[in-house]
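Reviewing the structure listed below.
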Amino acid sequence: MTPIVTIDGPSGTGKGTLATLVAQRLGWHALDSGALYRVLGLAARRRGLALDDPEALRPLAEALPVDFASGRVILDGEDVSEAIRAEEAGMAASQVAAHPAVRDVLLDWQRRAARPPGLVADGRDMGTVVFPRAPLKIFLDASPEIRAERRYKQLKEKGLSANLPKLIADIRERDMRDRTRPVAPLRAAEDAVLVDSTQMSIAEVFDRVLEEVRRVFPELVARSS
Ligand code: DC
């Protein structure tokens with residue numbers, strides 16, 4: 001069986017960066033499941049579909065014209081790697097992700113990412129629904145304020161405008177929707193290791209997670225170092 005590490009948690013905790021670092025360190029594949037929902041949200045918006053209409057969204061999810069192969073995200077032949085990172089794409093993703101019919105379509109797609117030599121998958125339900133038998137599950141959390149502050153800094157560094165109170169409000173709204181939806185809500189799996197990154201740097205979180213990887217896959221980490 002392909003070894004899998006899952007990293008779940010709310011938006012802005014640094015899950016994506018962490019998953020990429022861990023995958024690089026181990027030489028494994030990485031699955032950014034949020035990107036899939038973001039692409040779907042963006043595609044739905046561009047087609048003028050209602051984000052609260054699963055009947056309209058399901059066929060789009062089934063035949064999503066997306067290509068991740070190049071390391072970039074190509075939608076309808078256009079590079080949307082940056083566009084899917086915008087706040088609006090995150091909000092749209094959270095809305096389309098609330099529909100069971102949509103999640104159902106994307107489930108197989110995500111499971112096919114589990115290929116040798118291993119997979120690091122990040123999202124909201126990697127450890128609870130998509131890969132419930134993963135030997136190592138991490139749940140990464142941080143306070144909404146610190147997550148909004150990190151996002152604020154990122155936007156400023158990119159020269160984009162940002163409003164901290166609005167970012168905090170958006171993060172709270174998205175958390176609420178992700179945590180309370182009836183299907184695959186954001187929550188830690190019972191066997192997940194909880195890591196609160198509020199007071200930690202990404203390097204400290206990485207070290208903490210590698211400790212867990214060594215504990216669960218001792219021979220794999222020894223071989224890859
Ligand atoms: O991780 P992210 O911020 O890129 O995710 C964007 C949205 O996609 C998030 O608000 C909820 C949804 N999502 C989800 O429902 N399940 C996942 N496994 C990943 C993301």
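All values derive from a computational prediction rather than experimental measurement. Both ligands and their constituent atoms are indexed starting at 1 by order of listing.
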Without hydrogens or angle criteria, can the side chains of Ser94 and Arg177 be said to hold a donor-acceptor pair below 3.5 Å?
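Ser94 vs Arg177: donor-acceptor pair found between side chains.
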
Mind checking whether Met91 has a heavy atom under 4.0 Å from ligand 1?
no

State if Arg103 counts as touching ligand 1 under the rule of any non-hydrogen atom under 4.0 Å.
yes

Under 4.0 Å from ligand 1, counting heavy atoms only, is it the side chain of [X], its backbone, both or neither?
{"X": "Met126", "value": "side chain"}
{"X": "His99", "value": "neither"}
{"X": "Arg174", "value": "side chain"}

Is [X] in polar range of ligand 1, meaning some N or O pair under 3.5 Å apart?
{"X": "Asp178", "result": "yes"}
{"X": "Tyr37", "result": "no"}
{"X": "Asp32", "result": "no"}

Near [X], which atoms of ligand 1 are under 4.0 Å from a heavy atom of that residue?
{"X": "Lys15", "answer": "1 (O)"}
{"X": "Ala93", "answer": "6 (C), 7 (C), 8 (O)"}
{"X": "Arg38", "answer": "2 (P), 3 (O), 4 (O), 6 (C)"}
{"X": "Gly123", "answer": "18 (N), 19 (C)"}
{"X": "Gly34", "answer": "4 (O), 5 (O), 19 (C), 20 (C)"}

Which is closest to atom 19 (C) of ligand 1 in terms of heavy atoms, Gly90, Ser33, Gly41?
Ser33

